[in-house]
Number of protein chains: 2
Amino acid sequence: MYRQISNNGHWSGQAGAAYSGAIVAQSGHLDALVALERIGTRLSFARNAEIYAEGGDSDYWYKVVSGSVRICKLLADGRRHIAEFCFSGDCFGLENGSERIYSAEAVDEVIIMRYRRSATEQMVDQHPSLARLLRDTVLRELSNAHGRMLMLGRMTAPERVAAFLLQMYERRARTKVLDLPMSRIDIADYLGLTIETVCRILSAFKREEVIAIPNPHRIELLDRCALEAINEAGGGAAI
Amino acid sequence: MYRQISNNGHWSGQAGAAYSGAIVAQSGHLDALVALERIGTRLSFARNAEIYAEGGDSDYWYKVVSGSVRICKLLADGRRHIAEFCFSGDCFGLENGSERIYSAEAVDEVIIMRYRRSATEQMVDQHPSLARLLRDTVLRELSNAHGRMLMLGRMTAPERVAAFLLQMYERRARTKVLDLPMSRIDIADYLGLTIETVCRILSAFKREEVIAIPNPHRIELLDRCALEAINEAGGGAAI
DNA sequence: CGCCAGTTTGACCAAGATCAACGCAAGTGG
DNA sequence: CCACTTGCGTTGATCTTGGTCAAACTGGCG
């Protein structure tokens with residue numbers, strides 16, 4: 001049961017103009033976005049630093065500029081669940097209630113934009129297009145969540161790992177060589193498996209020459225079709 | 001498959017149940033709601049009828065007036081997954097893409113309101129408050145989905161069944177006597193278990209006098225604290 | 001070099017799935 | 001009215017997947 005979290009992250013105060021991903025990509029609503037940009041603050045966090053804690057106030061929402069973030073929850077008896085990984089361009093921390101149900105942690109070195117919720121609320125009322133943009137972001141998240149529910153509820157361990165690899169392929173670089181910033185424990189807690197099972201299945205895939213594992217954080221997809229076949233059996237990739 | 005009852009439903013229909021009235025409950029935006037009402041159509045469906053099919057167009061979204069709806073997906077090899085049960089007041093079919101990823105079916109006799117998406121889109125731009133209302137609805141759904149993910153990924157079978165019973169208690173009548181409109185198979189597919197496991201665990205709860213089962217569709221919560229204790233161990237109820 | 005965190009592998013175990021039979025109440029048709 | 005069917009639900013016996021426990025391996029670093 002080793003699972004420590006190192007010291008805290010640090011700010012780098014200045015408001016920056018870092019553009020990538022979810023909201024910006026599908027825009028065409030530039031004035032609203034520029035205004036949104038103006039109310040954001042740029043922050044940076046060290047590996048394993050806590051971005052916000054379970055139980056804290058949800059006064060802000062965030063957008064990843066670079067690096068990876070995990071949204072997770074630790075149960076009383078040590079079981080952990082990772083609800084989502086967020087990569088550059090992804091939004092997180094958009095919540096309904098006033099209190100965080102999950103915490104957010106930096107998987108590696110992370111830079112994010114932080115937006116005050118109240119300020120966004122006002123802007124959203126003035127810019128219907130921004131409202132729709134935000135709503136679509138949330139709807140996409142909801143659709144992802146449904147895919148993950150299907151995975152956790154009805155897919156076997158190999159199907160889950162295959163789906164995970166394909167998902168990472170789609171969401172990160174669409175290249176044969178996949179670099180995974182997160183640890184095996186993170187992957188296990190994301191897939192609802194144990195670290196040993198994840199290892200064994202990756203090893204099995206390696207044995208079957210479906211993937212290669214030059215080092216633990218780098219996986220090469222040698223035979224993506226094989227992975228897709230495994231995943232297809234379970235109803236298609238989540239996400 | 002469905003018959004149209006009358007062109008216009010009425011929102012006041014079933015104010016009441018705790019969880020219900022997603023949109024209505026927190027309103028106070030009457031003009032927008034009345035306008036929304038005007039673009040809705042009231043429909044009714046027979047038990048097990050399909051409200052919309054996987055793969056169909058997502059031109060509409062819906063709100064349950066009475067009865068229960070299941071949002072589900074059938075995999076190629078027969079595995080089935082139920083993403084959500086919707087009871088009176090709940091919205092469903094709000095989606096991002098143009099195509100349905102899940103189907104919706106009537107669990108029992110159901111009456112629903114149907115809203116055209118395009119019409120809603122226009123209204124939403126004119127009524128910022130409605131936009132926020134809709135977004136909050138989706139955010140609540142997202143939060144529920146996260147709870148379910150935790151359950152499917154990290155909770156044991158007894159924890160899931162306990163969580164399910166408590167959830168039904170909260171969402172339907174908050175009375176000792178719980179009537180469950182759905183079948184055991186529906187429950188199993190919702191919890192990511194098999195029908196046999198659900199039966200066995202319900203029987204175990206009955207043996208321990210935590211619940212009584214006067215008939216398959218009626219369960220009495222004799223000892224809600226015991227259920228809560230079981231559920232707590234797994235990180236608290238989903239929803 | 002030895003230590004430490006993370007990863008991998010093996011042996012064994014148990015939760016839950018699968019397979020099979022039976023119960024039971026609501027139709028249905030003779 | 002009574003056999004017969006049909007669709008759930010329940011229970012038992014057995015099997016499999018993935019979890020648990022334990023030990024070995026690897027690469028980085030003081």
Side-chain angles (χ1 to χ4, degrees), chain A residues 1-7 47-48 70 75 77-81 107-108 151-164 179-208 211-219 230 233-234, chain B residues 47-48 70 75 77-81 107-108 151-162 164 179-208 211-219 230 233-234:
Chain A
M1 195 71 344
Y2 41 90
R3 191 164 289 193
Q4 90 308 346
I5 284 182
S6 78
N7 56 328
R47 192 166 118 80
N48 286 326
R70 62 174 174 257
L75 304 189
D77 60 358
R79 283 179 285 185
R80 193 179 70 150
H81 179 242
V107 170
D108 48 12
M151 178 169 92
L152 295 171
R154 283 285 174 241
M155 284 167 67
T156 66
E159 282 165 2
R160 294 181 203 197
V161 174
F164 174 75
D179 79 308
L180 303 175
M182 69 290 287
S183 71
R184 293 284 187 270
I185 298 185
D186 284 345
I187 297 174
D189 288 342
Y190 181 67
L191 298 179
L193 300 170
T194 60
I195 174 175
E196 294 95 329
T197 302
V198 171
C199 270
R200 267 186 266 270
I201 287 167
L202 286 175
S203 297
F205 285 173
K206 185 170 76 176
R207 214 172 307 123
E208 296 156 15
I211 62 171
I213 312 181
N215 75 64
H217 287 277
R218 170 151 302 184
I219 289 182
I230 295 169
Chain B
R47 191 166 117 80
N48 287 325
R70 62 174 173 258
L75 304 188
D77 60 358
R79 282 178 285 184
R80 192 179 70 149
H81 179 242
V107 169
D108 47 13
M151 177 169 93
L152 295 171
R154 284 284 174 242
M155 284 168 67
T156 65
E159 283 165 2
R160 294 182 203 197
V161 174
F164 174 76
D179 79 307
L180 303 175
M182 69 290 286
S183 70
R184 294 286 187 270
I185 298 184
D186 284 345
I187 297 174
D189 288 342
Y190 181 68
L191 298 179
L193 300 169
T194 59
I195 174 175
E196 293 96 330
T197 301
V198 171
C199 270
R200 267 186 264 270
I201 287 167
L202 286 176
S203 298
F205 285 172
K206 186 171 75 177
R207 214 172 307 124
E208 296 155 15
I211 61 171
I213 313 181
N215 75 64
H217 286 278
R218 169 151 302 185
I219 289 181
I230 295 168

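Letters go in sequence order (proteins before strands), and every chain restarts at 1.
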Intermediate values then yes/no, side chain to side chain contact (heavy atoms under 4.5 Å, CB included), A/Ile219 and A/Phe205: CA-CA 11 Å; A/Ile219 289 182; A/Phe205 285 173; over 6 Å; no
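Distances from the side chain of B/Glu196 to the nucleotides C/dA17, C/dT8, C/dC19 place C/dC19 closest.
Separating the CD1 atom of B/Ile187 from the P atom of C/dG16 is a distance of 17 Å, rounded to the nearest angstrom. Rounding to whole angstrom units, CE of residue A/Met155 and P of C/dA17 are separated by 16 Å. Rounded to whole Å, atom C1' of C/dT8 lies 13 Å from atom CD1 of A/Ile219. As rounded to whole Å, 13 Å separates atom C1' of C/dG27 from atom CZ of B/Arg47. Per the geometry, NE2 belonging to B/His217 stands 12 Å off C1' belonging to C/dA26, to the nearest Å. A/Arg218 places its CZ atom 17 Å from the C1' atom of C/dT7, with the value rounded to the nearest Å.
For the pairing with A/Ile201, the side-chain contact (heavy atoms from CB on, under 4.5 Å) check across A/Thr156, A/Leu191, A/Val161 returns one residue only, A/Val161.
Taking side-chain N and O atoms only, B/Thr194 has no distance below 4.0 Å to OP1 or OP2 of C/dG16.
Within the 3.5 Å criterion, the main-chain N or O of B/Tyr190 finds no donor-acceptor partner in the side chain of B/Arg70. One N or O on the side chain of B/Arg154 and one on the backbone of A/Leu193 form a donor-acceptor pair closer than 3.5 Å.
Heavy-atom distances to DNA chain D give each of A/Ala157 and B/Arg200 a nearest nucleotide, and the one nearer the 5′ end belongs to B/Arg200. Checking A/Val198 against B/Ile195, the closest nucleotide of DNA chain D that is more toward the 5' end is the one next to B/Ile195. When each of A/Ile213 and B/Thr156 is assigned the nucleotide of DNA chain C with its nearest heavy atom, A/Ile213 is the one assigned upstream, toward the 5' end.
Taking 4.0 Å as the cutoff to heavy atoms of chain A, we find the contact window on DNA chain D bounded by D/dG18 to D/dC21.
In this structure, CD in B/Glu196 is found 7.5 Å from SG in B/Cys199, a value given to the nearest 0.5 Å. To the nearest 0.5 Å, the span separating CD1 on B/Ile213 from CZ on B/Arg218 amounts to 13.0 Å.
Within 4.0 Å of A/Ser183, counting heavy atoms only, lie sugar-phosphate atoms of the nucleic acid but no base atom. A/Leu193 comes within contact range of the sugar-phosphate backbone alone, with a heavy-atom separation under 4.0 Å but no base atom that close.
Remark: the A/Arg184 side chain and the C/dT9 base include no donor-acceptor N/O pair separated by less than 3.5 Å.
You'll find the side chain of B/Leu152 reaches within 4.5 Å of the side chain of B/His81, heavy atoms only.
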